[in-house]
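Within every chain, numbering begins at 1; the chains are lettered A, B, ... in the order of the sequence lines, protein sequences first and strands thereafter. Worth knowing before you read on, the calculation uses all heavy atoms, side chains too, and leaves out hydrogens, waters and symmetry mates. Model, not experiment: these values are computed from the prediction.
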Amino acid sequence: MIQVHEVIKTFDGKEVLRNLNLNVERGTIYGLLGANGAGKTTTFKLISGLLQPTAGTIRFSGEVIQTQNRKFLKEMGVLIETPVFYEHLSARENLEIHLAYMGCDTADIDNSLQVVGLADTGEKPVSKFSLGMKQRLAIARAISHAPELLVLDEPVNGLDPMGIRQMRELFLSLVKDQDMTILISSHILSEIEHIADKVGVLVNGHIAKEVSMSEVRKSCPEGLEDYFFNIMSGGAQG
Amino acid sequence: MKLLSLELKKVNIISYCIAAFAIFACLLGLTYIFAWVPSLGTADPNAVELFSTYSGIAAMGGAVGLMAVSALASAMGYRYVIKEYSGANAILLFTYPIGRKAVVWEKIKLLLLFVSATTFVCTFGGFIVFALTGHMFSLVDDNLQLIDIALALRNAVVLACLTDGIALCSLRIGFIRKSNSMTVISAILLSMLLVNLATDINQSFTTVFYLSVVILVIGLLLTFNMAQIVENMEV
Ligand SMILES: Nc1ncnc2c1ncn2[C@@H]1O[C@H](COP(=O)(O)OP(=O)(O)O)[C@@H](O)[C@H]1O
Ligand SMILES: [Mg+2]
């Protein structure tokens, strides 16, 4: 569904991504792991057309992404870094505006709000929302127009453990019941390992290691953290 | 049209309407004070002359209105255009499958509509209220004639163009650094440069007219340039 091929991105001569290759298959969850500053957000911005690659190509459903042709954005639900809203409007009104921009008038707003647990916020303006509620609303916004691909950059930031768990279940059900594909990033291993089918580790702007979770479970039942610990201490370069 | 109604929903237009009404009320109050000046027996014959005719009072009110609305327009322009293209706001806006330029122009349309209407209502509307009450209670040592109202109408239209031009120019200047203060300060400076001319609008109408057209055209050209920058912007 997404093919990132030999992508380089430089900011003012500083190379942030170098020869990045990444493949996300339809109907799967791809987890992008990386420390702060590794280039996760930059990767996601490139995939959603907010940045132009300095070199290399990115394909979405086989077509090369170009910033001039924005049609592909209709099929993407994007949540990048700290989301913003029209603070004087309610959750529902924010979603209405979003859907109108998306050119999608058949969507079920109530359902989107309900699955993230914001069904009872009513007329309350978003300015009165807590951080966690805003994050939930951002997730509702990203899924509301039923996109084919969800691009979620650290989507559970600011959520409590209960919320994190709810969102995890939501993501799994979106893939299972609505055939969505999810690209999700985090700097915390445990957030990813329970849901991802495949994990890529971004170090200094390129994928240092890519494994499927089934492989991890086979060779290291203790989980992702131990898997990486074994690899790192086993002489593989970090 | 659909885009325009969306934009309208997004801005907190009520707060700007309140500000516009406040300008209207202050300007109206100021107009009555102008009319009162000649009876204070000041030594300045210019002031006495200016403030003893309806057309003079209208011009003065228009000039003050120009400054006030320019400041409001730049504040609105910052909140509503520049801020939408900075940081996380731009990320949200750019994830929509619609032309970026089209959205810029919808925002500009709405801004100009609001600014023109506010300038017109504050200057011409204010003058009408004043002129009618002034005529009724003989506040001014001058006969209210139809020509006074016609002139005020003509001047209000030109001032609306001028404020639009100032708003667009200050918007582009503020956009350079995405800065609120730069937007507002440039609007205030521009309007201060032009305010003298605006008080003279009855004597040198052609100059003010052509200047307004020129400034509006410059503003529009600058906006074309801004839309092009937005089109290729990375966030
Ligand atoms: N617009 C930009 N200009 C210059 N440097 C940037 C820009 N965006 C990101 N960077 C740099 O790129 C690197 C990767 O950033 P980012 O993609 O945000 O990492 P992550 O999301 O993994 O924390 C950082 O060193 C950051 O400073
Ligand atoms: Mg990041």
Side-chain angles (χ1 to χ4, degrees), chain A residues 9-12 16 41-42 44-54 60 66-90 92-94 96-105 125 127 134 137-138 141-142 145 147 149-151 153, chain B residues 1-19 75-111 114 177-178 180 226-235:
Chain A
K9 182 66 192 174
T10 56
F11 290 113
D12 319 310
V16 171
T41 300
T42 305
F44 283 12
K45 283 181 176 175
L46 284 162
I47 287 172
S48 45
L50 299 169
L51 293 173
Q52 285 273 41
T54 311
F60 174 63
Q66 285 171 320
T67 14
Q68 286 80 15
N69 178 6
R70 287 177 247 279
K71 286 224 180 64
F72 70 91
L73 288 169
K74 200 167 169 13
E75 298 307 331
M76 272 191 202
V78 180
L79 193 179
I80 284 180
E81 288 182 328
T82 318
V84 289
F85 301 96
Y86 299 103
E87 300 262 333
H88 62 290
L89 300 176
S90 68
R92 161 173 275 282
E93 287 167 323
N94 268 281
E96 278 170 3
I97 290 179
H98 169 81
L99 290 167
Y101 270 119
M102 278 293 174
C104 176
D105 37 22
S127 55
K134 284 186 183 175
L137 182 56
R141 184 164 65 188
H145 54 290
L149 175 74
L150 279 180
V151 177
D153 187 21
Chain B
M1 197 56 228
K2 175 132 178 276
L3 273 181
L4 195 66
S5 67
L6 274 178
E7 294 298 332
L8 196 60
K9 200 166 172 187
K10 268 164 38 175
V11 287
N12 202 350
I13 197 84
I14 292 174
S15 57
Y16 293 103
C17 290
I18 293 171
M76 182 175 179
Y78 171 75
R79 268 296 293 272
Y80 181 52
V81 182
I82 298 178
K83 201 157 170 266
E84 286 270 286
Y85 292 108
S86 12
N89 292 81
I91 292 182
L92 175 63
L93 211 51
F94 290 166
T95 53
Y96 293 124
I98 40 176
R100 292 184 186 179
K101 279 187 192 168
V103 175
V104 173
W105 284 107
E106 288 309 319
K107 287 176 180 299
I108 297 294
K109 252 192 243 170
L110 190 64
L111 180 68
F114 181 82
R177 305 290 298 271
K178 306 260 175 79
N180 190 4
M226 188 175 78
Q228 191 58 46
I229 293 176
V230 167
E231 177 77 11
N232 299 316
M233 206 159 107
E234 296 200 316
V235 288

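- Of the listed residues (B/Gly87, B/Gly99, B/Ala88), the greatest number of heavy-atom pairs within a distance under 4.5 Å of chain A belongs to B/Ala88.
- Minimum interatomic distance between B/Tyr96 and A/Met102 (heavy atoms only, all atoms of both residues): CD2-CE, 3.7 Å.
- For the residue pair A/Gly49 and B/Arg100, the shortest heavy atom distance occurs at O-NH2, 4.0 Å.
- Minimum interatomic distance between B/Phe94 and A/Leu73 (heavy atoms only, all atoms of both residues): O-CD1, 3.5 Å.
- Residue A/Tyr86 touches chain B through its side chain alone, counting heavy-atom pairs closer than 4.5 Å.
- The two residues A/Lys45 and B/Ile91 make their nearest non-hydrogen contact at CE-CD1, 3.7 Å.
- Residue-environment remark: CZ (A/Arg70) exceeds the threshold of 12 foreign heavy atoms within 6.0 Å.
- Interatomic distance, OG1 of A/Thr42 versus CD of B/Glu234, reported as 10.5 Å (0.5 Å rounding).
- Residue A/Leu89 touches chain B through its side chain alone, counting heavy-atom pairs closer than 4.5 Å.
- Within the model, atoms CZ of A/Phe85 and CG of B/Leu92 stand 8.5 Å from one another, a figure rounded to the nearest 0.5 Å.
- The choice from A/Glu81, A/His98, A/His88 that makes the most heavy-atom pairs within less than 4.5 Å of chain B is A/His88.
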